[in-house]
There are 2 protein chains.
Amino acid sequence: MTERGAPSLIDVAREAGVSTATAGRALGGYGKVSQRSRDRVADAAARLGYRTNGLARSMITGSTQTLGVLVSDVSNPFFATALRGITDVTQPAGFEVLLSNTGGDVDAERRAMAVMSEKRVDGVIVAPALPSEGAHLARAIDVGVPVVLLDRLASGVPNADSVTIDNEHAVAEAVGHLVELGHRRIGVITEAGGDLAHLRKGNRKRGLLPSAVRLRGYFSALADAGITADETLVGAARYDRESAYDAATGLLDLAEPPTALLCTDNVLASGAYRAAQDRGLRMPRELSLIGFDDEPWTTLVRPGLTVVEQPTYDLGVRAGKQLLDRIDGGPGRARHAQLQAKLVARDSTASPR
Amino acid sequence: MTERGAPSLIDVAREAGVSTATAGRALGGYGKVSQRSRDRVADAAARLGYRTNGLARSMITGSTQTLGVLVSDVSNPFFATALRGITDVTQPAGFEVLLSNTGGDVDAERRAMAVMSEKRVDGVIVAPALPSEGAHLARAIDVGVPVVLLDRLASGVPNADSVTIDNEHAVAEAVGHLVELGHRRIGVITEAGGDLAHLRKGNRKRGLLPSAVRLRGYFSALADAGITADETLVGAARYDRESAYDAATGLLDLAEPPTALLCTDNVLASGAYRAAQDRGLRMPRELSLIGFDDEPWTTLVRPGLTVVEQPTYDLGVRAGKQLLDRIDGGPGRARHAQLQAKLVARDSTASPR
DNA sequence: CTGAAAGCGCTTACAG
DNA sequence: CTGAAAGCGCTTACAG
């Protein structure tokens with residue numbers, strides 16, 4: 001804004017010699033207008049350099065043609081790619097995206113939701129920072145703002161649609177691949193180390209971060225293969241490369257080190273990969289390694305990294321579509337879509353020697 | 001929206017037993033209100049679940065507290081990182097970001113600008129798709145929407161601020177590094193091959209894409225080193241890995257191949273790196289390679305890639321700050337900031353054997 | 001097809 | 001400090 005006296009519809013109407021109602025109809029493409037009026041109004045608008053005030057329009061129509069997207073970090077390739085999927089499907093439908101970076105902080109997420117709500121977005125796609133905290137999301141739905149959960153579920157939000165990856169299955173495939181190759185001592189590098197105790201008892205799928213779901217999947221996949229899980233082989237790391245490096249090193253230092261390592265995320269994978277290299281371990285002969293997500297570097301390193309490829313872009317596309325559907329379909333039974341990840345075997349995995 | 005009868009300020013005022021003016025002042029934090037009124041209004045608002053209608057507020061105040069950001073591709077790590085820089089500095093200042101993906105298409109960019117303008121954003125940060133087309137940006141500035149150019153300039157937009165990288169200097173450093181090591185036949189992989197003829201004559205810095213500026217920088221750096229440029233060593237590629245792979249292969253197939261290769265972008269660098277690997281060339285002994293941008297993979301591959309590191313995150317931060325300054329400073333002489341890139345020498349460069 | 005009038009939900013002088 | 005009234009710039013019944 002800040003523009004000093006931008007021409008309004010009243011100005012255009014006066015210039016065209018019609019009523020504001022007619023001018024509005026001609027410019028907005030609604031209602032009936034004669035060709036003659038339409039032309040005169042169009043001319044007048046062009047002459048004056050008229051731009052519709054979307055604020056005023058939205059206030060009346062009840063639609064802003066804007067969607068909120070809340071993620072923890074846009075610069076993370078995962079979210080950046082999903083975001084691209086979202087905009088690719090919503091922009092052609094006439095929606096713009098209002099982006100908010102929560103930094104993984106629930107309070108920031110709460111504030112962002114409030115802002116989105118005040119700005120009257122038509123719907124929101126959110127990757128909840130903390131699956132256990134869903135009250136603010138439920139509230140949004142209550143006041144009529146459709147919510148689609150992306151990548152992870154949240155508890156206490158029964159009416160939110162969701163689009164997630166079948167992480168349990170994804171990890172099962174990865175572990176299955178290693179078992180088939182003959183591995184029995186399979187380690188895991190995870191950022192859900194803190195949920196370990198929690199996982200042992202509960203079986204709540206709702207309200208778990210992907211990392212925790214993957215860790216649980218790791219245990220059940222081992223069980224399915226008849227392998228007794230050894231918690232010594234769980235390398236807990238924070239979400240950064242250095243920490244993963246240390247966790248991997250720790251496992252490799254074991255008296256009986258694992259012959260294979262599963263990383264539940266690509267940031268962790270890069271740390272583990274580096275740790276293996278620095279130790280002079282030859283992959284896959286001396287160590288098999290599996291990562292998550294098919295990023296460029298995984299094909300550039302030697303050996304190329306075997307990965308579980310998530311359909312990240314598609315995740316965004318599906319979430320966008322689901323939100324659009326919900327926006328014009330109105331409230332109703334929540335829909336939950338689960339996309340399948342795919343194992344891409346490359347040269348970092350082989351039979352143990 | 002869509003919410004059926006959300007409570008308005010009138011409802012809150014009635015519930016609190018005050019006028020809408022007082023209710024508005026209490027909730028909006030402007031004007032004078034007695035503590036007593038403030039409390040009653042706050043209670044009433046909480047009871048009713050009142051949410052301010054930002055649309056109505058913005059219409060009056062003339063500010064939406066929203067910034068537009070237009071880039072060609074959010075999923076590109078470069079833009080994703082810059083975007084994070086933008087939100088990190090503008091969100092704390094109370095601004096939200098309206099994101100638009102132009103796909104590098106000027107028409108899409110024009111449409112996006114129009115939408116941003118109708119939505120009355122307080123300002124716009126844009127990485128112009130085509131530096132030669134700036135009319136729509138100039139128009140936005142004319143109607144009072146501050147514009148900050150990101151990463152590249154555009155012609156015909158004299159009043160836009162800009163934050164860019166000093167690409168000329170960045171390339172000069174890279175070439176200088178190679179020359180110092182003793183290289184004389186230095187090839188370049190570029191996506192600005194089409195601008196070659198254009199570059200030979202003109203010297204317009206304005207309105208050139210970074211890739212073209214870098215290519216020009218390559219030529220002038222060679223000249224500075226007293227090396228006669230050999231256009232045979234210019235490998236033109238499209239903006240994808242495969243094309244860069246082919247371009248690099250073409251140069252390496254030359255009767256007199258280059259001993260060093262400069263890639264003006266990291267996507268191109270990954271293609272060239274792969275090409276060198278596939279040819280069995282040992283880096284840096286048989287070929288020196290330099291990339292752009294310091295992405296994770298550059299330290300994961302062996303040898304680690306020597307790169308020109310752009311301050312991408314900072315680019316976003318600076319652009320965000322500049323826009324905020326402009327928004328509360330009002331129009332004035334355009335400011336142009338140029339950030340310096342830095343050469344990070346790793347193991348992919350050495351003296352030619 | 002057209003227009004006069006009401007109204008969306010706020011904030012802002014203005015007067016008290 | 002408080003309130004009645006005007007007004008931001010549109011769209012929407014309603015009547016013609």
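Quick caveat, the model's predicted, so the values are computed rather than measured. Lettering of chains follows the sequences in order, A, B, ..., and the numbering in each one begins at 1.
- In the set dG9(C), dC1(D), dC8(C), the nucleotide with an atom closest to the side chain of Ile60(A) is dC8(C).
- The phosphate of dC1(C) has neither OP1 nor OP2 within less than 4.0 Å of any side-chain N or O from Thr22(A).
- In terms of phosphate contacts, Ser34(A) brings a side-chain nitrogen or oxygen within less than 4.0 Å of OP1 or OP2 of dT2(C).
- Defined by atom type and a distance below 3.5 Å, a donor-acceptor pair is missing between the side-chain atoms of Arg120(B) and Thr64(B).
- One interatomic measurement links the two molecules: CZ of Arg36(B) to C1' of dC1(D), which rounds to 12 Å at whole-angstrom precision.
- Side-chain atoms of Ser19(A) lie closest to dA4(C) of the nucleotides dC10(C), dG3(D), dA4(C).
- Nearest to the side-chain atoms of Asn53(B) among the listed nucleotides dT2(C), dT2(D), dG9(C) stands dG9(C).
- When distances run from any side-chain atom of Leu9(A) to the nucleotides dG9(C), dT2(D), dT11(D), the shortest one goes to dT11(D).
- One can place CZ of Arg120(B) at 14 Å from P of dC8(D), the figure rounded to the nearest angstrom.
- The OH atom of Tyr30(B) sits 13 Å away from the P atom of dT2(D) (whole-angstrom rounding).
- Closest approach to the Thr61(B) side chain among dC10(C), dT11(C), dC10(D) is made by dT11(C) (side chain taken as heavy atoms from C-beta onward).
- In this model, a donor atom of one side chain and an acceptor atom of the other lie less than 3.5 Å apart for Ser63(A) and Asp122(A).
- Picking from dT11(D), dT2(D), dT11(C) the nucleotide with the shortest atom distance to the side chain of Lys32(B) gives dT2(D).
- For the pair Arg14(A) CZ and dA4(C) P, the computed distance is 13 Å after rounding to whole Å.
- Proximity of a side-chain donor or acceptor of Gln65(B) to a complementary backbone N or O of Gly94(B) within less than 3.5 Å is detected.
- Applying the 4.0 Å criterion to OP1 and OP2 of dG3(D), one finds that Thr20(B) has every side-chain N and O outside that range.
- Candidate nucleotides dT11(D), dC10(C), dG9(D) were compared by shortest atom distance to the side chain of Met59(A), and dG9(D) ranks first.
- Remark: side-chain polar atoms of Glu109(A) are paired, donor with acceptor, to backbone N or O of Ala129(A) under 3.5 angstrom.
- Out of dC10(D), dT12(D), dT12(C), the shortest distance to the side chain of Ala21(A) is found at dT12(D).
- Between the side chain of Arg25(B) and the base of dG3(D), at least one donor-acceptor pair of N or O atoms lies under 3.5 Å.
- Between the side chain of Asp161(A) and the main chain of Val148(A), no donor-acceptor pair closer than 3.5 Å is present.
- Atom pair Lys119(A):NZ and dG9(C):P shows a separation of 18 Å (rounding to whole Å applied).
- Between Tyr50(B) and Ala23(A), the one whose closest nucleotide on DNA chain C sits nearer the 5' end is Ala23(A).
- Across all strands shown, dA4(D) remains unpaired; no Watson-Crick or G-U wobble contact has both distances below 3.5 Å.
- A 3.5 Å limit on both hydrogen-bonding distances identifies no Watson-Crick or G-U partner for dA13(D).
- Taking atom CD of Glu118(B) as the reference point, atom C1' of dC8(D) lies 17 Å away to the nearest angstrom.
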